[in-house]
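Have a look at the structure below before the remarks.
If you're wondering where the values come from, they're calculated on a predicted model, not measured in any experiment. We count residues from 1, following the sequence as given.
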Amino acid sequence: MVWFRRDLRLGSNPAWTEATRAHDAVMPLFVLDPHLWRNAGPHRGPQLASHLRALDGQLGERGGRLHVAHGDPAAVFQALQPQATYWNDDYTPYARRRDEEVAETLPSVHRFAGTVVHAPDTIWTKSGGPYRVFTPYSKAWASAGLPSYGQEAETTITATQGDGIPEAAEALMPGGEQAAHDRLLQFLEQVDDYKEVRDRPDLDLTSRLSADLKFGTLSPLEVIEAVGDATAGRAGFVRQLCWRDFWAQVLYHQPHTVREPMRQEYESIRWRNDPAEFAAW
């Protein structure tokens, strides 16, 4: 079984790749966790549903379907009883608690770092601790090189739909891996100017890839491979993906930063909340 979460793609997906290589039959699973679905909001929920429909379509082209189960993940796995389970790790405190609870009930779990370039527990300071400052982290991150995921193998994909994909409003962006690649190709036409224009709010020149990285319709690895570092703009954008990994490892090693500052001296900051200023901005 491959448990899809923040990796709604078949390409550049180490959990999917390794499962198809190791087994003659694979069930692709997505668990619609009510805790997350209730808090999805008017845009994230429809976008998720759109991505799930596209993933189901990809699997359909291979003779299978996406099995969607509604409910608590631990209860879902207890009912399905898979022989072996593959997933790409998520690093939020909620996800880590959920995954540990599920893993304790399963006979065989294979976990990968398909949502980041380098897992949070692989880049360490010289003293053996996690980084708290970005610049030295970025140097260690770059020197670690890029991982390789390989190619998926042909396998039988189960065709059960489970509870099905929920109905939702129209998404803001076309869903699925192919649409995400189209957005990446569009960004590649302007990425060389990224370093000079990325802080210009009067220009519509952002990458528009953050949602695809969040849902995992693109992997950060394949984005880096496509962008490269041939120009200052391209290197500058790859640096932003390094920032993404940096904050993932901060959250992993310091989960209190979900609600509290990383440094205690910032707890006393008094934030100015001025509706008129915000409206002007």
Side-chain angles (χ1 to χ4, degrees), residues 1-10 12-19 27-41 43-45 47-49 51-52 55 66-80 82 84-106 108-123 130-131 147 149 162-163 165-166 180 209-221 241-260 262:
M1 178 175 289
V2 177
W3 183 12
F4 287 90
R5 297 102 67 80
R6 292 183 56 187
D7 52 357
L8 303 180
R9 63 185 186 276
L10 300 183
S12 192
N13 185 328
W16 177 255
T17 294
E18 294 305 318
M27 172 184 278
L29 169 73
F30 184 87
V31 180
L32 195 72
D33 186 336
H35 171 80
L36 299 178
W37 182 250
R38 283 194 303 266
N39 298 312
H43 299 308
R44 187 168 52 178
Q47 194 65 62
L48 171 61
H51 288 323
L52 292 176
L55 179 59
L66 178 64
H67 186 102
V68 179
H70 300 186
D72 175 71
V76 168
F77 276 93
Q78 187 173 14
L80 292 175
T85 306
Y86 293 70
W87 72 63
N88 293 304
D89 275 328
D90 192 359
Y91 303 108
T92 67
Y94 174 80
R96 292 177 66 190
R97 290 193 301 270
R98 174 200 64 197
D99 290 356
E100 292 306 320
E101 181 180 359
V102 169
E104 289 177 358
T105 68
L106 298 175
S108 176
V109 176
H110 307 266
R111 305 171 69 161
F112 304 88
T115 61
V116 293
V117 180
H118 296 299
D121 56 354
T122 59
I123 306 292
Y131 282 92
Y149 295 159
D163 299 317
I165 300 168
L209 299 180
S210 60
D212 288 310
L213 290 165
K214 180 263 185 296
F215 286 108
T217 44
L218 289 172
S219 79
L221 176 62
L241 293 174
C242 180
W243 272 106
R244 183 176 180 271
D245 271 20
F246 173 74
W247 288 115
Q249 66 97 37
V250 167
L251 188 62
Y252 181 86
H253 294 290
Q254 302 179 71
H256 70 277
T257 55
V258 170
R259 300 291 182 188
E260 302 171 19
M262 184 163 56

I want to check something: taking the side chain as every heavy atom from C-beta on, are [X] and [Y] in contact at a cut-off of under 4.5 Å?
X: Arg98; Y: Val31; answer: no
X: Gln249; Y: His253; answer: yes
X: Arg5; Y: Thr115; answer: no
X: Asp7; Y: Ser219; answer: no
X: Trp37; Y: Pro166; answer: yes
X: Pro34; Y: Asp72; answer: no

Between atom [atom1] of [X] and atom [atom2] of [Y], what is the distance when rounded to the nearest 0.5 Å?
X: Leu66; Y: Ile165; atom1: CG; atom2: CD1; result: 5.5 Å
X: Tyr91; Y: Leu251; atom1: OH; atom2: CG; result: 11.5 Å
X: Tyr252; Y: Asp245; atom1: OH; atom2: CG; result: 13.5 Å
X: Asp99; Y: Asp89; atom1: CG; atom2: CG; result: 6.0 Å
X: Glu100; Y: Glu104; atom1: CD; atom2: CD; result: 7.0 Å
X: Phe4; Y: Leu10; atom1: CZ; atom2: CG; result: 5.5 Å

Around Gln78, counting heavy atoms of other residues, nucleotides and ligands shown, do more than 12 lie under 6.0 Å from its CD? no
For Leu8, the option from Leu48, Leu218, Asn13 that meets side chain to side chain contact (heavy atoms under 4.5 Å, CB included): Leu48
Can you name the one residue among Asp90, Thr217, Thr92 that meets side chain to side chain donor-acceptor pair (under 3.5 Å) with Arg6? Asp90
Check Pro28 against Trp16 and note the closest heavy-atom contact, atom names and distance. CB-CZ3, 4.1 Å
Judged by atom type as modelled, is there a donor-acceptor pair below 3.5 Å linking the side chain of Arg44 to the main-chain atoms of Asn39? yes
Could you tell me whether the side chain of Arg244 and the main chain of Val116 form a donor-acceptor pair under 3.5 Å? no
Aromatic rings [X] and [Y]: how do their planes relate, parallel, tilted or perpendicular, breaks at 30° and 60°?
X: Trp243; Y: Phe246; answer: perpendicular
X: Trp87; Y: Phe77; answer: perpendicular
X: Tyr94; Y: His35; answer: parallel

